[in-house]
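Note that this is a predicted model, so its numbers are computed, not measured.
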Amino acid sequence: DVLNDLIREGETLITIAENDSQGRPRGLKERFKESVAQLQTLIRKAERGSEQSFCLSQGVFILPGDKLSSRGEWDAERSGVGIPDLIRIYRGKEGVVFEAGDIKSSTAPRYYQKWQVAFYALLLKSFVRSQAIPIQGAVAETGFLITPGESELRQHHLFDLRPYMTAFPVLLQNLAAHLSHSPSEAGWHLRGHCATCDFFEFCYNAALSTEDIQFLPQLTPGQLWRLR
């Protein structure tokens, strides 16, 4: 278990419980409130100048839609919700730093898993920028994935978040446009990396039944749009 390994290695780890003491599921808002309080506790510990890093596990973060984007690309009525497996909190050269990551069972990092971590980082950046919750610090320009290792207990994969952050404004705008219409009106354009997604089979079958034109070889997004 990755979390137990982190504790054995001396990490200070706080986990937000999904269920209460009676085994009943806790509401997202209750877990969000606890997540903010525990994050603030870890920030204070990191601010003391310790070289140690601290981890918040399974924290719930809910951001109002109007605070998710800085230029109004997103629907203000749709909140952003993220539950990262881990947030590392440590003291950098200019203050406290937050780094988002996830624990995965796949043997290698997947493209969509990196997007998932990038969204967690976007939530944290939006919280810091908007002061929707009173936290001070900077979000790292890297994210991480932890996967099972072949020769080691686990492997840490660090990756650059900047390309994802650059793409988010247009992505949010496109998502908001699609969500404003019925799912039956959605278009399909499968790409090579789609095959690594857990939901590929659904999209593939839907594309076959509704838009077989897109399976013409070497068809670019622009050409597909014109043919439609």
Side-chain angles (χ1 to χ4, degrees), residues 2-3 5-7 9-18 28-70 74 79-104 109 112-147 154-169 171-172:
V2 172
L3 297 182
D5 287 343
L6 291 173
I7 294 173
E9 291 171 3
E11 289 275 9
T12 297
L13 177 70
I14 294 177
T15 301
I16 306 301
E18 184 176 354
L28 286 178
K29 290 184 178 179
E30 178 188 357
R31 291 157 61 192
F32 169 54
K33 185 177 180 180
E34 182 187 355
S35 299
V36 172
Q38 296 290 11
L39 183 61
Q40 290 171 331
T41 297
L42 295 177
I43 290 172
R44 287 193 294 269
K45 290 183 177 181
E47 285 175 337
R48 294 171 188 161
S50 171
E51 296 183 0
Q52 179 184 5
S53 64
F54 306 89
C55 291
L56 179 67
S57 175
Q58 298 301 314
V60 174
F61 296 94
I62 305 173
L63 186 70
D66 62 338
K67 307 241 188 285
L68 185 57
S69 60
S70 58
W74 186 245
S79 298
V81 180
I83 310 178
D85 287 337
L86 289 171
I87 297 177
R88 289 184 63 239
I89 302 103
Y90 60 93
R91 184 171 179 81
K93 293 181 179 179
E94 298 181 3
V96 175
V97 179
F98 313 111
E99 186 177 51
D102 251 2
I103 302 168
K104 299 299 182 184
Y112 70 90
Q113 293 170 350
K114 294 182 178 181
W115 270 110
Q116 188 177 358
V117 171
F119 179 71
Y120 298 149
L122 177 69
L123 281 181
L124 290 171
K125 279 179 176 286
S126 299
F127 273 122
V128 172
R129 183 193 70 246
S130 68
Q131 283 297 287
I133 57 177
I135 57 174
Q136 298 293 329
V139 180
E141 293 184 341
T142 54
F144 65 92
L145 290 166
I146 301 177
T147 63
R154 62 181 182 273
Q155 292 182 336
H156 291 255
H157 307 272
L158 199 67
F159 61 96
D160 190 353
L161 289 173
R162 286 174 294 181
Y164 300 88
M165 293 301 163
T166 301
F168 263 125
L171 177 62
L172 290 174

Exercise. Taking the six-membered ring where the residue is Trp, are the ring centres of Y120 and W115 under 6.0 Å apart?
Worked result: no
For this session: Taking all non-hydrogen atoms of both residues into account, name the closest pair between L161 and A140 and its distance.
Result: CD1-O, 3.7 Å
Problem set entry | Closest non-hydrogen atom pair, A100 against A121 | CB-N, 4.2 Å
Exercise. Donor-acceptor pair, S35 side chain versus V60 backbone, under 3.5 Å?
Worked result: yes
Exercise. Given L39 and F61, is the side-chain contact (heavy atoms from CB on, under 4.5 Å) satisfied, shown in steps?
Worked result: CA-CA 11 Å; L39 183 61; F61 296 94; 4.0 Å; yes
For this session: Give, for atom CZ of F32 and atom CD1 of I62, the distance between the pair rounded to the nearest 0.5 Å.
Result: 6.0 Å
For this session: Would you indicate whether E18, at its atom CD, is surrounded by more than 12 heavy atoms from other residues, nucleotides or ligands within a distance under 6.0 Å?
Result: no
Exercise. From I89 CD1 over to C55 SG, what is the distance, rounded to the nearest 0.5 angstrom?
Worked result: 6.5 Å
Exercise. To the nearest 0.5 Å, what is the distance between CG (L145) and CZ (F159)?
Worked result: 5.0 Å
Exercise. How many angstroms lie between CE in M165 and CZ in F119, if you round to the nearest 0.5 Å?
Worked result: 10.0 Å
Exercise. Checking side-chain contact (heavy atoms from CB on, under 4.5 Å) for the pair E99/V139: CA distance, chi angles, key distance, verdict?
Worked result: CA-CA 6 Å; E99 186 177 51; V139 180; over 6 Å; no
Exercise. Could you walk me through whether K29 and E34 pass the side-chain contact (heavy atoms from CB on, under 4.5 Å) check?
Worked result: CA-CA 9 Å; K29 290 184 178 179; E34 182 187 355; over 6 Å; no
Problem set entry | From S57 atom OG to L13 atom CG, the distance as rounded to the nearest 0.5 Å | 5.5 Å
Exercise. At their closest point, which heavy atom of Q38 faces which heavy atom of I16, and how far apart are they?
Worked result: CG-CD1, 3.9 Å
Exercise. With respect to F98, which candidate in L56, V128, L42 satisfies the side-chain contact (heavy atoms from CB on, under 4.5 Å) definition?
Worked result: V128
For this session: Answer with yes or no whether the side chains of Q58 and D85 bring together a donor and an acceptor at under 3.5 Å.
Result: yes
For this session: List the steps, then state whether side-chain contact (heavy atoms from CB on, under 4.5 Å) holds for V81 with L123.
Result: CA-CA 8 Å; V81 180; L123 281 181; 6.0 Å; no
Exercise. What is the distance from atom CG of D102 to atom OG1 of T147, rounded to the nearest 0.5 Å?
Worked result: 12.0 Å
Exercise. Does a donor on one side chain sit under 3.5 Å from an acceptor on the other, for Q40 and K45?
Worked result: no
Exercise. Which pair of non-hydrogen atoms, one from G59 and one from P84, has the smallest distance, and what is that distance?
Worked result: O-CD, 3.4 Å
Exercise. Going by heavy atoms in the side chains, are K104 and I146 under 4.5 Å from each other?
Worked result: no
Problem set entry | Which atom of P64 lies closest to which atom of S79, heavy atoms considered | CA-OG, 4.0 Å
Exercise. Any side-chain heavy atom of Q116 within less than 4.5 Å of one from K114?
Worked result: no
Exercise. Do the rings of H156 and F144 sit parallel, tilted or perpendicular, given the 30° and 60° boundaries?
Worked result: tilted
Exercise. Are any non-hydrogen side-chain atoms of V96 and Y90 less than 4.5 angstrom apart?
Worked result: no
